[in-house]
Amino acid sequence: MEYYDVNDVMKMTGMKQQKSYDIIRELNKKYKKKFPDAEIIQGRVLKWFFDESMGIKKDCQEQT
């Protein structure tokens, strides 16, 4: 599984560090609600879930 960290989220959203952590935290809450048995890694968010939540299409992503 591939994850984005806070630096990736900051770069993609243009938000500062604290706001980017807030975004990751909220997305992880939504992920946990959708998949209750899943394990969450603090400070990281699954790439596919972030992309889906933000409406980013796979073919439009930059290579990181």
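Heavy atoms only: backbone and side chains are in, while hydrogens, waters and symmetry mates are out. Treat the numbers as computed from the prediction; the structure is a model and nothing was measured. Residue indices begin at 1 and follow the sequence shown.
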Residues E2, W48; criterion side-chain contact (heavy atoms from CB on, under 4.5 Å); working and verdict | CA-CA 8 Å; E2 295 182 12; W48 72 265; over 6 Å; no

When you look at M15 and I23, which way does the side-chain contact (heavy atoms from CB on, under 4.5 Å) test go after all the steps?
-> CA-CA 10 Å; M15 299 292 170; I23 291 169; 4.2 Å; yes

Given salt bridge (Lys or Arg N to Asp or Glu O under 4.0 Å), test E52 with K34 step by step and report yes or no.
-> CA-CA 13 Å; E52 182 180 289; K34 194 171 186 176; 3.8 Å; yes

Give the C-alpha distance, both sets of side-chain angles, the deciding distance and a yes or no for salt bridge (Lys or Arg N to Asp or Glu O under 4.0 Å) between K19 and D22.
-> CA-CA 5 Å; K19 182 61 178 174; D22 292 343; 5.2 Å; no

May I have the step-by-step check of side-chain contact (heavy atoms from CB on, under 4.5 Å) for I24 and R44, ending in yes or no?
-> CA-CA 7 Å; I24 291 170; R44 302 201 183 261; 5.7 Å; no

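Here OH of Y3 is found 12.5 Å from CG of D5. Values are rounded to the nearest 0.5 Å. With rounding to the nearest 0.5 angstrom, the CG atom of L46 is 10.5 Å from the CG atom of D51. The structure places CZ of R25 at 6.0 Å from CD of Q18, a figure rounded to the nearest 0.5 Å. A distance of 13.5 Å separates NZ in K47 from CE in M1, rounded to the nearest 0.5 Å. Atoms NZ and CG, on K32 and L27 in that order, are 15.5 Å from each other to the nearest 0.5 Å.
Closest non-hydrogen pair, Y21 versus G43, comes out as CE2-CA, 4.2 Å.
Side-chain contact between K16 and M10: absent, with no pair of heavy atoms (C-beta onward) separated by less than 4.5 Å. Looking at heavy atoms from C-beta onward, F50 lies in side-chain contact with I56 at the 4.5 angstrom threshold.
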